[in-house]
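Everything below concerns the one structure shown next.
Fair warning: this is a prediction, and the values are worked out from it, not measured in the lab. This chain uses plain numbering: 1 for the first residue, then up along the sequence.
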Amino acid sequence: YSIGTELKFGRAHQWMQLADNNIMLAVTGKLLPQTLIFLTIFLGYEWYVYGYLNFPHPGGLHMIILMAVLTVLSSQGFGVFVFGLIPSLRMSMSVCSLCAVVVVSACGVTFPLFAMVCLIESLAQIIPFRHNYMVYQLGVFNGFPLFVAWVNVLALVWFAVPHILFLC
């Protein structure tokens with residue numbers, strides 16, 4: 001949204017001039033404050049659930065912090081990726097909203113993914129929250145080592161990175 005509004009309201013040239021026409025610097029400057037805010041909210045919630053309410057978490061604190069960072073960065077990367085594919089603020093926000101609505105059902109939280117239609121099972125693999133849920137379930141809730149969910153961790157890292165392709 002914040003990148004799209006720069007284009008929508010005609011401030012993109014000024015935004016790029018402030019970043020010395022370096023798109024990486026411009027996007028980093030735009031997303032860094034949001035990243036810090038989202039991480040603060042995420043970790044505040046995690047502290048409330050695991051620290052204050054003492055919900056069991058055999059995976060440990062390092063796994064919770066890793067999941068917070070990967071979740072925020074992969075979600076932002078996914079948003080920038082969608083905006084890079086569809087550079088219309090309205091359409092890219094609609095696509096991201098559609099993904100957000102479908103994500104809880106298609107990630108396997110409410111119904112096991114292996115029991116869903118093959119198309120839904122395949123589409124779930126391109127949603128960052130699916131991989132977040134799997135790492136969270138394996139690492140934080142069950143206490144398995146991180147290498148058990150290496151495919152899902154790699155997917156979250158991949159979701160955080162592809163927006164760089166659109167920045168070049």
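V80 has its side chain within reach of L31: a pair of non-hydrogen atoms, C-beta onward, lies under 4.5 Å apart. The side-chain heavy atoms of I3 and E6, taken from C-beta on, include no pair separated by under 4.5 Å. Taking 4.5 Å as the limit, some side-chain heavy atom of V27 sits within range of a side-chain heavy atom of W15. For the pair L66/L146, a side-chain contact is recorded, criterion being any heavy-atom separation below 4.5 Å from C-beta on. Inter-residue side-chain proximity for L70 and V135 is flagged as unmet; no heavy-atom pair is nearer than 4.5 Å. In this structure, the side chains of N132 and F129 come closer than 4.5 Å at one or more pairs of heavy atoms.
A distance of 8.5 Å separates CG of L53 from CH2 of W47, quoted to the nearest 0.5 Å. In this structure, CE on M134 lies 5.0 Å from CZ on R130, to the nearest 0.5 angstrom. The distance from atom CD of Q137 to atom CG of N142, rounded to the nearest 0.5 Å, is 6.0 Å.
Between Y50 and Y136, the ring planes lie tilted relative to each other; the angle falls in the 30° to 60° range. Taking the six-membered ring where tryptophan is involved, the planes of F141 and F55 are perpendicular, since the angle between them exceeds 60° and thus also 30°.
In this structure, M91 is a member of the same hydrophobic cluster as F81, with clusters built from ILVMFWY side-chain heavy atoms closer than 4.5 Å.
Judged by distance alone, with hydrogens and angles left aside, the side-chain atoms of H131 form a donor-acceptor pair with the main-chain N or O of Q125 at under 3.5 Å. Remark: the backbone N or O of S2 is paired with a side-chain donor or acceptor of T5 at under 3.5 angstrom.
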